[in-house]
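First up is the structure itself, then whatever we jot down about it.
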Amino acid sequence: MSQVHVTAKINGDTTEYLCEPDETLLDVLRNRLGLTGAKEGCGTGDCGACSVTLDGRLVCSCLVLGAEANGREVRTIEGMAHGETLHPLQRKFLEHAALQCGICTPGFLVAAKALLDKNPDPSETEIRYWLAGNLCRCTGYDKIVRAVQDAAAEMRKG
Amino acid sequence: MRYEAPGSIESAVALLAQEKGRAYVLAGGTDLLVRLRGGYIEPDLVVDVKRIESMRKIVPEAGGFRIGAAVPAAELGEHPAVKKLWPGVVEAVELIGSKQVQGRATMVGNLCNASPAADSVPAMVAAGAVATVVGPNGKRNLPVEEISTSPGKTTLAKGEIVESILLAARPPHSGDAYLRFIPRTEMDIAVVGAGVNITLDDKGVCKAARVALGAVAERVLLVGPAADALIGTKLDEAALDKLAAAASAACRPIDDKRGTKEFRIKVAGVLARRAATIALERARKS
Ligand SMILES: Cc1cc2nc3c(=O)[nH]c(=O)nc-3n(C[C@H](O)[C@H](O)[C@H](O)COP(=O)(O)OP(=O)(O)OC[C@H]3O[C@@H](n4cnc5c(N)ncnc54)[C@H](O)[C@@H]3O)c2cc1C
Ligand code: FES
Ligand code: FES
């Protein structure tokens, strides 16, 4: 198989890589670019641990080919904090203890940010439906939902 | 495997038609990449159609909308005008997977994957949606119900690509709806799906109807007798009973871990009836 040459913007930086034509974006991020924040929970689109945005749309990076990202913009959990300053969602997840093992956390954060970018004031039901594609085996969902609600409230105050 | 992402449908068709090995169209990849990663298919060529600009658009056409085959579900859900004209189709598309899956999955991928349980297909069939197909021998239009024949099988010839779906203009007092039964509230495969599309006259009498069922046969069924039960009525209780009976009678489902034959047959009637009631409310308001 001849490799594909890709130029993509990843967390704002123009990045070049070579990948196999059947290699997923998740594998490219983790194995070639050292961005190990996105996790592989299932590899079949069911768990959301690999969530990233592609041209601003929330997707499972396990169901995107690395080659598809050519000329596109990818954002991962690594791009969420500003230097040492955590995003309000990240801070609220810590405050509310909305994680235990943490495997699902990057996916929840990326997905929750995509929600708040679209809808700064979601209802609890909207949050629960939006996050239905993210599975957590440890924490349960209540703390996660509270953390998202709290972060949204803080972000609305500006 | 080779990966190609041509900029025009002509080059995509040529790539697929010339390939000697196994070639697949890649739209959102939410079915194809699962099968690829799982080792169920070993493509020699994958042709990504998402760089074909004309296939990425929703364009008004003669009072209806032409939906490009590469438009993801999320974009359709964000289009208020399509949602207003064909609420049943859009609600079916919005049932597909999670927000993450919605960011990629297309209505045409749902159709061409040819699962009898595909959620958007009964809604499209009820809507009388027409697919425009482009292939080595040119363009043809065919009703959506003529695309899938059995699980995983379609009538598309080698090199043929669905370019778009036309959701046509509709007369006043029209409404459509789609319902599915799943054991959970989200993220599951339909055990039964039912799409109903009706048009009323000025007196509220049903003058046209289409009823389609998913997951109760080897492909999505367009059920003529179920539609006939509604036409000429005001969708009163007797008509809805007849509709439910006709829908159940059309089923030839399998037994599997998600539902027995008897259960699916019963639920098909129940869902057809409920979807008809929602379609009626929408028709009265439009
Ligand atoms: C976690 C998860 C949950 C899901 N939940 C649901 C659900 O609730 N309901 C449901 O119905 N489905 C569900 N699916 C299945 C899938 O998301 C849908 O079938 C989706 O609509 C497929 O669209 P796609 O664009 O991703 O197709 P792809 O995977 O890109 O393609 C599917 C098939 O269609 C062919 N194809 C695609 N586009 C064209 C074209 N333009 N012309 C010719 N052939 C084409 C491809 O070659 C392939 O064989 C789910 C999938 C996942 C991973
Ligand atoms: S690893 Fe991608 S959804 Fe589970
Ligand atoms: S914290 Fe362990 S899976 Fe969610």
Side-chain angles (χ1 to χ4, degrees), chain A residues 1-6 19-27 38 40-72 107-108 110-112 114-115 118-119 122 125-135, chain B residues 1-7 21-24 26-51 56 70-78 91 94-106 109 113 182 184-189:
Chain A
M1 270 196 271
S2 64
Q3 292 197 319
V4 185
H5 178 248
V6 176
C19 68
E20 300 298 332
D22 64 353
E23 191 173 337
T24 64
L25 178 61
L26 176 62
D27 285 343
E40 181 169 64
C42 64
T44 51
D46 292 288
C47 78
C50 64
S51 297
V52 302
T53 59
L54 183 64
D55 282 351
R57 280 246 179 251
L58 183 65
V59 301
C60 293
S61 60
C62 72
L63 294 186
V64 177
L65 295 175
E68 288 184 68
N70 194 27
R72 306 226 186 272
F108 268 104
V110 168
L115 169 62
K118 259 174 75 98
N119 178 1
T125 306
E126 285 169 330
I127 295 172
R128 287 185 186 271
Y129 271 98
W130 185 279
L131 296 177
N134 292 82
L135 303 184
Chain B
M1 176 185 125
R2 280 186 306 136
Y3 167 84
E4 299 281 355
R22 289 146 300 189
Y24 294 87
L26 170 67
T30 59
D31 281 313
L32 193 74
L33 296 187
V34 172
R35 286 197 285 145
L36 173 74
R37 301 306 297 177
Y40 301 103
I41 53 168
E42 287 181 22
D44 296 292
L45 172 69
V46 162
V47 178
D48 182 355
V49 292
K50 292 191 295 299
R51 309 247 168 197
R56 293 202 56 119
V71 171
E75 237 171 86
L76 204 60
E78 287 164 6
E91 76 192 344
E94 290 200 290
L95 285 174
I96 298 174
S98 58
K99 288 292 167 195
Q100 285 86 338
V101 170
Q102 293 264 315
R104 298 263 294 166
T106 64
N113 190 57
I182 54 172
R184 303 192 280 177
T185 49
E186 270 284 84
M187 296 288 287
D188 211 341
I189 303 168

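Just so it is clear, the values below take in all heavy atoms, side chains as well, and ignore hydrogens, waters and symmetry mates. Within every chain, numbering begins at 1; the chains are lettered A, B, ... in the order of the sequence lines, protein sequences first and strands thereafter.
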Quiz item: Is the closest side-chain heavy-atom distance between B:Arg37 and A:Asp27 below 4.5 Å?
Solution: yes

Practice problem: Using a 4.5 Å cut-off on heavy atoms from C-beta on, say whether the side chain of B:Leu33 contacts that of A:Glu68. | Solution: yes

Quiz item: Can B:Glu78 and A:Arg57 be counted as an ion pair, charged N to O under 4.0 angstrom?
Solution: yes

Quiz item: Checking A:Arg128 against chain B: side chain, backbone, both or neither under 4.5 Å from a heavy atom?
Solution: neither

Exercise. Kindly compute the distance separating OG (B:Ser98) from CG (A:Asn134), expressed to the nearest 0.5 Å.
Key: 7.5 Å

Self-check item: SB check A:Asp55 B:Lys50 (cutoff 4.0 Å)
Solution: no

Exercise. Specify which of B:Gly97, B:Ala5, B:Ala74 makes the most heavy-atom pairs with chain A at under 4.5 Å.
Key: B:Ala74

Quiz item: Roughly how far apart are B:Tyr3 OH and A:Cys19 SG, rounded to 0.5 Å?
Solution: 9.5 Å

Quiz item: Which bit of A:Val52 comes within less than 4.5 Å of chain B, counting heavy atoms only: side chain, backbone, both or neither?
Solution: neither

Self-check item: B:Glu4 and A:Val4: CA distance, side-chain angles, deciding distance, side chain to side chain contact (heavy atoms under 4.5 Å, CB included) verdict
Solution: CA-CA 10 Å; B:Glu4 299 281 355; A:Val4 185; over 6 Å; no

Quiz item: Does A:Leu131 reach the side chain of B:Lys99, with side-chain heavy atoms less than 4.5 Å apart?
Solution: no

Practice problem: Compare all side-chain heavy atoms of A:Val59 with those of B:Gln100 and state whether any distance is below 4.5 angstrom. | Solution: no

Quiz prompt | A:Leu54 portion near chain B, given a 4.5 angstrom heavy-atom threshold | solution = side chain

Self-check item: Contact origin within A:Thr53 toward chain B - heavy atom pairs under 4.5 Å
Solution: neither

